[in-house]
Amino acid sequence: MPLKIYNTMGRRKEPFDPLVPGEVRMYACGPTVYDRAHIGHARAALTFDMMWRYLEYRGYKVIYVRNYTDVDDKIIKRAQELGRGWDSLAEEQIEVYRQDMGALGLRTPTHEPRATQHIQEMLTIIQVLIERGVAYCVDGDVYFEVRRCPDYGRLSHRSLEELRAGARVEVDHRKRDPLDFALWKSSKLGEPSWDSPWGPGRPGWHIECSAMSMKYLGETFDIHGGGADLIFPHHENEIAQSECATGKPFARYWVHNGFVNIHAEKMSKSLGNVLAVRDLLEHVTPGALKIFLLGTHYRAPLDFSEEAIGSAGRAEERLLNALSEIRRVQEVESPKANASQRDGPLLRRILHAEREFTDAMDDDLNTPRALAAMFDLVRDINISLKDAERGSDTSTIDSLGLAGDVVRSLGSVLGVLHEDWREKRVFSDTRVTTGAQVDASDYLEARKAIDEAFQSGKPLPEDRVRIIVERRRQCRDEQDWAGADSIRAWLAERGVIVEDTPRGARWHLTGPRA
RNA sequence: GGCGGCGUAGCCAAGUGGCUAAGGCAGAGGUCUGCAAAACCUUUAUUCGGCGGUUCGAGUCCGCCCGCCGCCUCCA
């Protein structure tokens, strides 16, 4: 079954067939770097990171370019407000963006070009457009003349008339058509400025993506994407200026991800409901955030809610638990069976899950279905784990190991399931009792120390907590259930949760991070 | 006004006209446990916003209606 991708251009799923067999060139519009990344940026970056990973999983060699818009009205404005240089603000925010995307486990694209480092390439394209008579210069500004482009509106499926009718832009009488857009803007005093044949100025917004995508990927390349809001005017204008300059088709597949709403409202500065990735990661694991985002198909609008992301976190736990259980069983029971004796039913389920996963992803990257395939396999794993635990069938151990590998591998295609993320959870600081003896004076001293720390709001001293937990274990060994229960309750009041396992008591801290 | 999207169980969310409508969360039973917790298993939509229509057959196609949203202006 071939991979199919929804192409905004034709508004339908199309079989994906790259220009050069086996190789994919893709470009995604990156952020304008004037503020921290929010959850919408995360969704866009994740969508293309996931696409990249899946294309590689499918065997393609991928060149992935994502730009930084590091000169723009918003950056200039923000820098002025902050009383600092626009370039240092952009530089700082690029670093912040990298950190945030890194925290989400997103890979760094093959190239991350910046607009300011490609001024010359932009000037070249603008020059060609003027020579070809599709762009004109007025008072140091250069505009693209929209009506010289016969296909204008092809991507957004709107005619020039329709666009003019709905236009809310103020009419600038220097332009030949209200829809003409700036390729080059003359700089005002104090604004960033580069020399050009039309005087000092700075690039218009759209030209940078044409310049950078074509520089790194060629005049025609496979995939171009971004948020759905970029369809018009950004991508429409990119197509117009690129194709008019080269006379060749620009991008072949246009991919757009849906928006993130916050409690059914659009996220916007004015509503004050912008959710920064950084702030979000204070409360949830990257894995939970990604499972939440991938739980909705990338083209559909996604509504953020605490409840939904909480349930994604518990779903992540479910996947992680299965993996650690496999590991535990493997430690206890060494595989005895050879390959031919492997557990048949589980093997079949593994193959089924892999097929289901790729079918789902082939169908326009249907990550909700792909996740479902993983959860199905996890259920089968859990059932087999029960069998293995009963000790009746050691032949399943081998297949369980394989099943775990498959879950990990599918998880890494979606970029979820980094097992080390689990350690970063606030509530996952677990320890197991050792069997050490605790005498009465140590116990009383530990209680006192814990109470002092608790009352002053400090983190509880872990070594003292351990002493209490060991003391409780002694009570249990002596079948002093009342004593054990009262210690458990005492600890719970101070934010320590104790859970008994076959290997001893496990405890973790809640509340303020230990 | 123009263009487009959405409405599926308590919540989130898949679903190429045709076997019993994925999956996750929550809920309910159960296993395990001294008790708990955690974990795991089982279970939870005669029905897909409403009304008509096409079809042997529709959540899936068509029409109308109701409700919600996005784009047309910077925006992922």
Side-chain angles (χ1 to χ4, degrees), chain A residues 1 4 8 11 13 28-32 34 37-48 72-74 77 153 156-159 161-170 179 205 225-234 236 256-261 264-269 274 291-292 295-297 299-303 305 307-319 321-322 324-325 356 359-360 363-364 366-376 378-379 381-383 385-386 389 430 476 479-482 484-485 488-489 492 497-502 505-506 508:
Chain A
M1 189 169 137
K4 282 187 292 182
T8 306
R11 286 186 180 166
K13 293 178 196 172
C29 288
T32 299
Y34 70 105
H38 59 238
I39 187 170
H41 292 112
R43 188 181 193 197
L46 172 60
T47 297
F48 294 98
D72 153 279
D73 291 349
K74 288 191 295 298
K77 180 161 174 271
S156 49
H157 300 93
R158 277 176 279 223
S159 66
E161 291 70 39
E162 287 168 349
L163 286 163
R164 288 193 193 103
R168 284 183 258 166
V169 278
E170 269 185 53
L179 294 171
W205 175 35
D229 54 315
L230 298 179
I231 296 171
F232 189 90
H234 185 54
E236 194 72 72
H256 294 97
N257 64 274
F259 259 45
V260 179
N261 297 320
E265 278 186 318
K266 180 174 172 170
M267 182 167 55
S268 74
K269 286 269 174 354
V274 175
I291 287 172
F292 164 69
T296 298
H297 187 266
R299 281 191 284 114
L302 171 57
D303 194 40
S305 72
E307 193 187 350
I309 206 158
S311 84
R314 288 182 288 274
E316 181 193 22
E317 280 295 307
R318 180 174 169 80
L319 298 175
N321 279 331
S324 52
E325 281 303 296
E356 192 48 39
D359 279 356
D363 185 15
D364 193 30
N366 192 326
T367 52
R369 253 176 76 196
L371 280 169
M374 289 178 62
F375 282 107
D376 280 337
V378 162
R379 169 167 294 116
I381 286 172
N382 285 329
I383 290 169
L385 276 166
K386 276 285 180 290
E389 214 155 55
T430 64
R476 296 188 71 233
Q479 303 209 334
D480 173 14
W481 309 124
D485 288 349
R488 183 168 64 196
I497 304 301
V498 183
E499 294 161 0
D500 297 313
T501 77
R506 180 172 67 187
H508 63 261

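Atom set for the values below is all heavy atoms of this structure, side chains included, hydrogens, waters and symmetry mates excluded. Lettering follows sequence order; numbering is per chain, from 1.
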Which heavy atom in Gly258(A) sits nearest to a heavy atom in Arg43(A), and how many Å separate them?
O-NH1, 2.9 Å
Could you please name the partner base of U54(B), counting Watson-Crick and G-U wobble pairs only when both distances are under 3.5 Å?
none
Are any of Arg314(A)'s side-chain N or O atoms less than 4.0 Å away from OP1 or OP2 of A26(B)?
yes
Among U42(B), A36(B), C72(B), the nucleotide that comes nearest once only the side chain of Glu499(A) is considered:
A36(B)
Considering every strand shown, what is the Watson-Crick or G-U wobble mate of U33(B) when both distances are under 3.5 Å?
none
Would you classify Gly227(A) as touching base, sugar-phosphate or nothing, given that sugar-phosphate means primed atoms plus P, OP1 and OP2, and contacts are heavy atoms under 4.0 Å?
sugar-phosphate
Ignoring hydrogens and angles, does a donor from either the side chain of Arg318(A) or the base of C40(B) sit under 3.5 Å from an acceptor on the other?
no
Nearest-angstrom distance, C1' atom, A13(B) to A21(B):
13 Å
Any sub-3.5 Å donor-acceptor pair from Glu236(A)'s side-chain atoms to Ser156(A)'s backbone N or O?
yes
Quick check: any donor-acceptor pair below 3.5 Å linking the side-chain of Asn366(A) to the base of G15(B)?
no
On a plain distance test, is the side chain of Asp500(A) in donor-acceptor contact with the base of C35(B) below 3.5 Å?
yes
Between Leu230(A) and Leu302(A), which has a closest nucleotide on RNA chain B that is more 5'?
Leu302(A)
Of the nucleotides G34(B), G23(B), A76(B), which has the atom closest to the Asp229(A) side chain?
A76(B)
Closest heavy-atom pair, Ala308(A) versus Phe292(A), reported as atoms and distance to 0.1 Å, is CB-CE1, 3.6 Å
Partner nucleotide of C3(B) by Watson-Crick or wobble geometry (both distances under 3.5 Å)
G70(B)
Pick one: which of Arg299(A), Lys4(A), Lys13(A) meets side-chain hydrogen bond (donor to acceptor under 3.5 Å, both in side chains) with Asp364(A)?
Arg299(A)
Would you tell me if any nitrogen or oxygen in the side chain of Trp205(A) comes within less than 4.0 Å of OP1 or OP2 on C75(B)?
yes
d(CZ, Phe259(A); C1', C68(B)) in whole Å
18 Å
Hey, does the side chain of Arg379(A) come within less than 4.0 Å of G24(B)'s phosphate (OP1/OP2), counting only N and O?
yes
Find the partner of C19(B): check Watson-Crick (N1-N3 plus N6-O4 or O6-N4) and G-U wobble (N1-O2, O6-N3) distances, both under 3.5 Å, and reply none if neither fits.
none
Can you tell me how far C1' in A26(B) sits from the matching atom in C11(B), rounded to whole Å?
7 Å
Which heavy atom of Thr296(A) sits nearest to which heavy atom of Ala300(A), and what is that distance?
CG2-CB, 3.8 Å
Nucleotide paired to U43(B) in any strand shown, Watson-Crick or G-U, under 3.5 Å:
G27(B)
Base, sugar-phosphate alone, or nothing: which one does His234(A) contact when heavy atoms must sit under 4.0 Å apart?
nothing
Integer angstrom distance from the P of C25(B) to that of A39(B)
10 Å
Could a donor-acceptor pair under 3.5 angstrom be found where the side chain of Arg299(A) meets the base of G5(B)?
no
When the P atoms of U60(B) and G49(B) are compared, how many Å lie between them, rounded to an integer?
8 Å
Distance check, P atoms only: G27(B) and G17(B), in whole angstrom units.
37 Å
Of the candidates C12(B), C69(B), C35(B), the side chain of Ala308(A) sits closest to C12(B)
To the nearest angstrom, the CD-P distance between Glu316(A) and C12(B) comes to 21 Å
Contact list for RNA chain B against residues 367-376 of chain A - heavy-atom distance below 4.0 Å
Pro368(A), Arg369(A), Ala372(A), Phe375(A), Asp376(A)
Tell me: NE2 of His256(A) to C1' of G70(B), nearest whole Å?
14 Å
So, using ring pair (Phe, Tyr, Trp, His ring centres under 6.0 Å) as the criterion, who are the partners of His41(A) when residues are at least two apart?
His38(A)
Which whole number of Å gives the distance between the C1' atom of C6(B) and that of U44(B)?
26 Å
For the P atoms, the ones on G50(B) and on U42(B), what distance do you get once it is rounded to whole angstrom?
31 Å
Is the shortest side-chain N/O distance from Arg11(A) to OP1 or OP2 of G4(B) below 4.0 Å?
yes
Which nucleotide in A76(B), G34(B), C3(B) has an atom nearest any side-chain atom of Arg158(A):
C3(B)
Consider the side chain of Asp485(A), meaning its heavy atoms from C-beta on, and name the nucleotide among C35(B), C11(B), G23(B) that approaches it most closely.
C35(B)
Sort out the partner of C48(B) for me: Watson-Crick or G-U wobble, both distances under 3.5 Å, none otherwise.
none
Taking the C1' atom of each, how far is U8(B) from C3(B), in whole Å?
26 Å
Supply the atom-to-atom distance Leu46(A) CG to Ile39(A) CD1, rounded to the nearest 0.5 angstrom.
10.0 Å
Nearest non-hydrogen partners of Gly40(A) and Val260(A), listed with the distance:
CA-CG2, 4.0 Å
Mind checking who A38(B) pairs with, Watson-Crick or G-U wobble, both distances under 3.5 Å?
none
Would you classify Arg488(A) as touching base, sugar-phosphate or nothing, given that sugar-phosphate means primed atoms plus P, OP1 and OP2, and contacts are heavy atoms under 4.0 Å?
base
